[in-house]
Amino acid sequence: MPALATFEERLSVWTTATMKLVFGFENSEVHLGVAPTNNDKFGDYQCNAAMELARTLKKAPRQIAQEFVDKAELPDFVEKIDIAGPGFINFTLSNAALSEHIEALEKDAFLGVEQSGQGKTVVIDYSSPNVAKPMHIGHIRSTVIGNAIDRLYRFLGYNVIADNHLGDWGTQFGLMMVGYRSFLDEDALKASPVEELERVYVASYNKSKEDDTWRDKAKAELVKLQQGDAENRALWETFIELSIKEFNTIYDRLDVKFDLYRGESFYNDRLPIMIKSLEDKGLAKESDGALIVDLEEDGMPICIVRKSDGGYNYATTDLATVEARIEEFNPERIVYVTDERQQLHFNQFFTIADKLGFDANLVHVWFGLMRLPEATFSTREGNVIKLASLLDEAEDRALEMVKSSSPDMPEDQQKDLAKAIGIGAIKYTDLSQNPQSLVTFTWEKALNMEGNSGPYLQYAYARISSVSDKHQALYPDIDLTKYSINIEHQIERRLAIKLSRFPAAIQIAADNYRPNILADYLYDLAQIYSSFYQNVPFLKAEKGVRESRIRLCRSAAATLKQGLNLLGIETRERI
Ligand code: ARG
C-alpha cells in the first residue's frame, strides 16, 4: 500500500483480511469495500459486507456483523466499531490516527494523492477550434473542461500531451481564398482578424450560391492549395497564423497551455495510406462512387471515408490521427473533449479504430451546451459569442465588487484581483456542473459571494490564509512545526476527515472526467471550514490548541488552493 494510503484503502484491506479470518473462507476474489458515511452519527466509514456475504455464509447479515465485531481485533487507527440497521458495520477513526494523517498530508507535495499515472501517457485533444472561424460556445467549454482534465491528469503523474487539434483543412479554404482576395477590409482584419476572415468567407459562400463562375474559381484555388501551390499555401498559412494568434490571446487569459497545435492538415499525407489499410482489411467498400465503412452491425449509420470527389472526411483524418498518436506517443489513452453533437462521429471512428486493431483506449468526453442569456452577450448565429467580451465583462463586474469590498486597496492590486475573480467565476460556472447537463449561465450565480461559486471559494481561501497570517503577526517567534496537530473537537474531526478525502475526490474526478466532483468537494470543504472557524476559538485558544488549529487551517488552505488550481482557478492571499 502507498505510504499515504487513505483510510478508505486501509479499512478495505483490513476488512477483507479480517472477514476471511473470522469466517474462515478462502476466496481470494473477495474484496470488501468501505465507503465514507454521509453523517458522522454513523461513524466515519461504513461497510456493507455483512449483507454481501449473507448468501455465501448462509447467515443473517446482522449476525455476521455481530460475529465480526466480536471477533475482530481492531487496527490501531480505529477507535470504535459498531453495527447499524440491517447489518452495516460502522467505523470511527481514532483522533490520534487522524491527527497523524493530517500531519503526513501536510508534508506531502501531492496532499496524499497517489501518483497513479506515473509512466503512463495520455493525449488530451481539446479546444480544437476551426481556423478562420470564431470559437463557439462548444470550443469554449471544451477549453475550460479539457484544461481541468489536463491539470487533473498531470497532478496524478501522467505524462499529458495537450493537443489542440485545429480544424485547418477542408473545402472551405477555396472559398476563403477567393473571398479574401476580393472582399477583404484591411482595417477590419487588423482590428479583429478571425471575425473579418469569417465575414469574408460568408460573403464568398453567399456569392457562390448565385454565381457558378465564382464557385468554379474557388474550386480551382482549392485544388491549387491541395497541390501545394506556393502562393495559396502562403495565404492558407496566414489564415492559420492569424487565427492561432487570436486564439492564443484567449488561452493566455484563461491560463491554458498546449503542448501541440497540430491541425488536421498535419495528417494529410497519412490519409491515402489510411484508406488503403481500410481497403486491405476489407473494412471499406465502394458505394455510389464514395468509399464507406458499413457499421450496420454496430448499430450505426455508414461512415464515409472518401467522398465521390476524392476528398477525405473528418473520420478519415481522425483515424489517421489516432494511428500517428499511437506511433509517436504510445498513449495509454486518448481523450477527446467536444460538445454532445459529435457523439456519433466519435462512436463511429472509435469503432473503426477498434476494427483496425489500434491499441489505445479512446474516450470521448462530451458535454451539453451552455445556455446564455441573449441580452448578456452579443450573440451571432445562435451560440457564437465573442469570448473576449465575455471575459472583459466578467473582469469589469469583478472589479466593481472588489472596489466596493476593498476600497483602500491599490488600484493595480484591485485589477489583478478582479482578473482572478472574473475569470475564476466563468470557469467555475462551467466546471461545477455535471458537464452533460444543460447549464444556464447567469452573472448573479457566477459571481454570487454566498453561494457555490468561484468567488465564494476564492474568498474562503483568502479568509483562511488571513487567519494564519494573523497568528504569524501575533506570535512571530512560534515555530508551528514544533507543535503537533491534535484533533479533538467534533468539528475538527469533520474538517480533518474531509481533508483526508481529497485524494479520493481527485481520483474520482479524473477517472470519470468530471471536474465537478472536485468542485463539489471544494465547496463542501469551504463550508466545513467555515463552521470550524465559527465554532471553535483560534487565536484566543490556549497555547498548543491554538497552534494545532492554525496548522489544520493551513492544511485546509493548501488543499483549497491546490484544488482550485486543478480547476484552473487562481487564488490570492488577500481579497
Ligand atoms: N475542430 C472540431 C470542431 O470544431 C473539433 C475537433 C475535435 N477533435 C477531434 N480530434 N475530432 O468541431
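All of these numbers come straight from a predicted model, not from anything done at the bench. Atoms within each ligand, like the ligands themselves, are counted from 1 in listed order. Just so you know, these numbers use all the heavy atoms, side chains as well, and skip hydrogens, waters and symmetry mates.
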Check: D211 side chain, W214 main-chain N or O, donor-acceptor pair, under 3.5 Å: yes
Exceeds 12 heavy-atom contacts within 6.0 angstrom, atom CD of E241: no
Atom NZ of K498: over 12 foreign heavy atoms under 6.0 Å: yes
Heavy-atom donor-acceptor pair, S453 side chain to L447 backbone, under 3.5 Å: no
Which pairs of N or O atoms, one from ligand 1 and one from the protein, are separated by less than 3.5 Å, and what is the distance for each pair?
{"from": "ligand 1", "atom 1": "1 (N)", "to": "S128", "atom 2": "O", "distance (Å)": "2.9"}
{"from": "ligand 1", "atom 1": "1 (N)", "to": "N130", "atom 2": "OD1", "distance (Å)": "2.8"}
{"from": "ligand 1", "atom 1": "4 (O)", "to": "N130", "atom 2": "OD1", "distance (Å)": "3.3"}
{"from": "ligand 1", "atom 1": "4 (O)", "to": "N130", "atom 2": "ND2", "distance (Å)": "3.1"}
{"from": "ligand 1", "atom 1": "4 (O)", "to": "H139", "atom 2": "NE2", "distance (Å)": "2.6"}
{"from": "ligand 1", "atom 1": "8 (N)", "to": "D125", "atom 2": "OD1", "distance (Å)": "3.1"}
{"from": "ligand 1", "atom 1": "10 (N)", "to": "D125", "atom 2": "OD2", "distance (Å)": "2.8"}
{"from": "ligand 1", "atom 1": "10 (N)", "to": "D318", "atom 2": "OD1", "distance (Å)": "2.8"}
{"from": "ligand 1", "atom 1": "11 (N)", "to": "Y314", "atom 2": "OH", "distance (Å)": "2.8"}
{"from": "ligand 1", "atom 1": "11 (N)", "to": "D318", "atom 2": "OD1", "distance (Å)": "3.4"}
{"from": "ligand 1", "atom 1": "11 (N)", "to": "D318", "atom 2": "OD2", "distance (Å)": "2.8"}
{"from": "ligand 1", "atom 1": "12 (O)", "to": "Q342", "atom 2": "NE2", "distance (Å)": "2.7"}

Close side-chain approach of F349 to C303, heavy-atom, < 4.5 Å: no
Residue list, side-chain contact (heavy atoms from CB on, under 4.5 Å) with N313, at least two apart or on another chain: I304, K307, T316
